[in-house]
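Notes follow once the structure below has been shown.
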Amino acid sequence: MNIAMLGSGFIARFYADSLQAQRAKDKLISVYSRNIEKAEKFAEDYKLGFFSDSMDEVVSQSDVDVVVISLPNNLHEAAVACCAKFKKHVLCTKPLGRNAAEAKRMLDMVEEAGIMGGYLEDLCYTPKNVKALKAVKGGNIGKVLWAKSREAHPGPHSDWFWDHEQSGGGAMVDLGCHCVEIARNYIGKEIRPVEVMCWAATQVHPIKAEDSGIGLVKYANGAIGQFEVSWCFRGGMDLRDEVMGTEGTIWLNNFLRTGFEMFSTGKGGYVAEKAESSSGWLFPVGDEVHELGYTNMFTDMFNAIESGSQPMETFYDGYIVNAILDACYVSAKSGKWEPVQIEGWRGDQTDDYGSNFNSYDDDHYLIKTEILPNGEHKLILKHKVTGEVTAKNI
């Protein structure tokens, strides 16, 4: 499959490194950049046959099968419109839009054009998340009650991220989009997000947008998604997830402390994304593009295009994430629970998912089973009619 890249900056190079990391049949062949010198340098670095500062010129090439958008947030809609015009499958970096209205227009564009819209939410594809999600879907931890995702680092690398108008927000739209979608995957994408409670603040940086945020997302089945995001965290990039179910728990550390530690006096160079120092005890990452999910993500996207199916992350998912974040921004201002406004919800329509209570017998619920130091098993029971709580040793 021949790929055109729109954008030549930081994330475009991460994507290109991933696409060219292994011998494969998918090939990056061209690049667009608003700056022709940057386009030429990108083409030179990755040995591409064509570059231009005209988006139409790059996307319309007859040998282009799929387009990857790695542009600032405010340019996503125009880029998707270009892909729809020339009937090219399109993969767009996160967040899909600056808000839900933009994301919905992009979703409508690809569906009306009959092309695939893949949402490049890499952190849902990290090796640990992929395996953890398989365990959750296999029933290993029972029904998911609470899914928490954290992303924190010292702040973005490009100037446009810090401009509220170009980015659409601050740390919540930049990092919260990852966290919200990770939690959705664990809780179940078919379960509707109904309302949110959010705190956000500008604690450190002289910007209009928030540089920190914490949010709760309540789902129709009673589950809670939680995110913690910050551009104020010092010491690298902290990516952690926790999932609690009725039958088990999952803890993940995807990036900062993964078992690879190195001491250096500072003679070397690049260590890992968002690393703040090249001296002292450092935490490198083995295969960075793979550990951040890019390899699994692009494999899923290209397999979906070839098979005519949908990838794990679609433009519809990107729209739902934007809708949740829109509600979070409203809640951060009001200080109240705010509803998530979704146009054309495609998941479960029910709000009645039943009870999580386990029965011990016809008359009692089982609250807890415990093994005592002497080896006896102790049960805590509740009578279904009277409500009396009792203990039973067996």
Side-chain angles (χ1 to χ4, degrees), residues 5 7-22 28 31 33 35 37-38 40-47 70-72 93-94 120 122-123 125-129 149-163 167 170-171 174-179 182 202-207 209 211-212 228-241 251-298:
M5 183 72 69
S8 59
F10 180 88
I11 193 63
R13 288 180 174 272
F14 254 118
Y15 288 164
D17 288 343
S18 175
L19 292 167
Q20 295 191 352
Q22 309 290 338
L28 186 59
V31 62
S33 177
N35 182 309
E37 288 80 14
K38 291 183 177 180
E40 183 176 13
K41 181 65 167 60
F42 190 97
E44 177 185 343
D45 290 346
Y46 292 99
K47 297 179 173 57
S70 54
L71 295 165
T93 192
K94 63 81 196 172
L120 297 181
D122 58 288
L123 294 187
Y125 289 94
T126 67
K128 291 176 183 175
N129 260 314
S149 184
R150 169 184 170 85
E151 180 170 4
H153 58 57
H157 46 81
S158 296
D159 53 359
W160 65 264
F161 277 101
W162 303 90
D163 182 333
S167 64
D174 176 34
L175 310 181
C177 62
H178 288 303
C179 301
I182 288 168
T202 308
Q203 295 184 301
V204 173
H205 303 94
I207 57 173
D211 57 18
S212 299
E228 301 173 0
V229 296
S230 181
W231 285 346
C232 307
F233 177 80
R234 308 309 301 266
M237 185 158 67
D238 187 13
L239 304 177
R240 283 181 283 163
D241 306 307
W251 292 346
L252 301 177
N253 188 330
N254 287 293
F255 204 81
L256 187 62
R257 301 297 294 271
T258 59
F260 185 172
E261 301 184 14
M262 175 178 72
F263 181 85
S264 173
T265 59
K267 300 296 184 182
Y270 179 83
V271 176
E273 184 183 350
K274 302 297 189 297
E276 293 196 272
S277 174
S278 60
S279 64
W281 279 105
L282 308 172
F283 310 105
V285 179
D287 184 346
E288 195 162 343
V289 295
H290 182 60
E291 292 303 315
L292 286 172
Y294 298 123
T295 306
N296 291 333
M297 177 179 71
F298 282 118

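The analysis underlying the following values was restricted to heavy atoms, covering all of them including side chains, and did not include hydrogens, waters or symmetry mates. Residue numbers start at 1 and run along the sequence shown.
Partners of Ser33 by side-chain contact (heavy atoms from CB on, under 4.5 Å), not counting sequence neighbours, listed by chain and number: Ser8, Asn35, Lys38, Ala39. Partners of Arg240 under the salt bridge (Lys or Arg N to Asp or Glu O under 4.0 Å) rule, at least two apart in sequence or in another chain, are Asp238. In terms of the ring pair (Phe, Tyr, Trp, His ring centres under 6.0 Å) criterion, residue partners of Phe263 (sequence neighbours excluded) are, by chain and number, Trp281. Shown here are the ring pair (Phe, Tyr, Trp, His ring centres under 6.0 Å) partners of His157, two or more places apart in sequence or in another chain: Phe10, Phe161. Scored by the ring pair (Phe, Tyr, Trp, His ring centres under 6.0 Å) test, Tyr15 finds Tyr294, Phe298 as partners (sequence neighbours excluded).
Separating the CD1 atom in Ile182 from the CG atom in Leu252 is a distance of 9.0 Å, to the nearest 0.5 Å. Here the CE atom belonging to Met237 is positioned 9.5 Å from the CG atom belonging to Asn254, to the nearest 0.5 angstrom. If you take CG on Leu71 and CE on Met5, they are separated by 10.0 Å, rounding to the nearest 0.5 Å. In this structure, CG in Leu123 is found 8.0 Å from SG in Cys179, a value given to the nearest 0.5 Å.
A donor-acceptor contact shorter than 3.5 Å is absent between the side chain of Glu276 and the backbone of Pro154. At distances below 3.5 Å, at least one donor-acceptor pair connects side-chain atoms of Ser167 with backbone N or O atoms of Asp163. Side-chain atoms of Thr202 come within 3.5 Å of backbone N or O of Ala209 as a donor-acceptor pair. With hydrogens and angles disregarded, a donor-acceptor distance shorter than 3.5 Å links the side chain of Lys128 to the backbone of Asn253. Here the side chain of Asp211 pairs no donor or acceptor atom with the backbone of Cys232 at under 3.5 angstrom.
By the 4.5 Å heavy-atom criterion applied to side chains, His290 and Thr126 are not counted as neighbours. In this structure, the side chains of Phe255 and His153 stay at 4.5 Å or more apart for every pair of heavy atoms. Between Trp231 and Ile207 the shortest side-chain heavy-atom distance falls below 4.5 Å. For the pair Leu239/Leu292, a side-chain contact is recorded, criterion being any heavy-atom separation below 4.5 Å from C-beta on. In this structure, the side chains of Phe14 and Val289 come closer than 4.5 Å at one or more pairs of heavy atoms.
The two atoms that bring Leu256 and Gly236 nearest to each other are CD1-CA, 4.2 Å, heavy atoms only. The shortest heavy-atom contact between Gly269 and Ser278 is O-CB, 3.8 Å. The shortest non-hydrogen separation linking Pro284 to Thr258 is O-OG1, 4.4 Å. Taking every heavy atom of both residues into account, Asp174 and Pro156 meet most closely at OD2-CG, 3.9 Å. Looking at every heavy atom in both residues, Gly155 comes nearest to Lys274 through O-CE, 3.5 Å. Summarising the geometry of Phe233 relative to Ser230, their closest heavy-atom pair is N-OG, 3.7 Å, with the distance given to 0.1 Å.
A salt bridge links Arg13 with Asp45: the distance from a Lys NZ or Arg NE/NH1/NH2 to an Asp or Glu carboxylate oxygen falls below 4.0 Å.
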I would like to know whether Asp17 and Tyr46 meet side chain to side chain contact (heavy atoms under 4.5 Å, CB included); could you show each step before the answer?
CA-CA 9 Å; Asp17 288 343; Tyr46 292 99; 2.8 Å; yes

Should Val285 and Phe260 be marked as a side chain to side chain contact (heavy atoms under 4.5 Å, CB included) after you check the CA-CA gap, both sets of side-chain angles, and the distance that decides it?
CA-CA 7 Å; Val285 179; Phe260 185 172; 6.0 Å; no

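Ring centers of His205 and Trp162: under 6.0 Å apart, within the cut-off.
Within the structure, every pair that satisfies the salt bridge (charged side-chain N to carboxylate O under 4.0 Å, His left out) test and touches residues 259-273, not counting sequence neighbours, is listed here: Arg257-Glu261.
Between the side chains of Asp241 and Ser149, a donor-acceptor pair is found at a separation under 3.5 Å.
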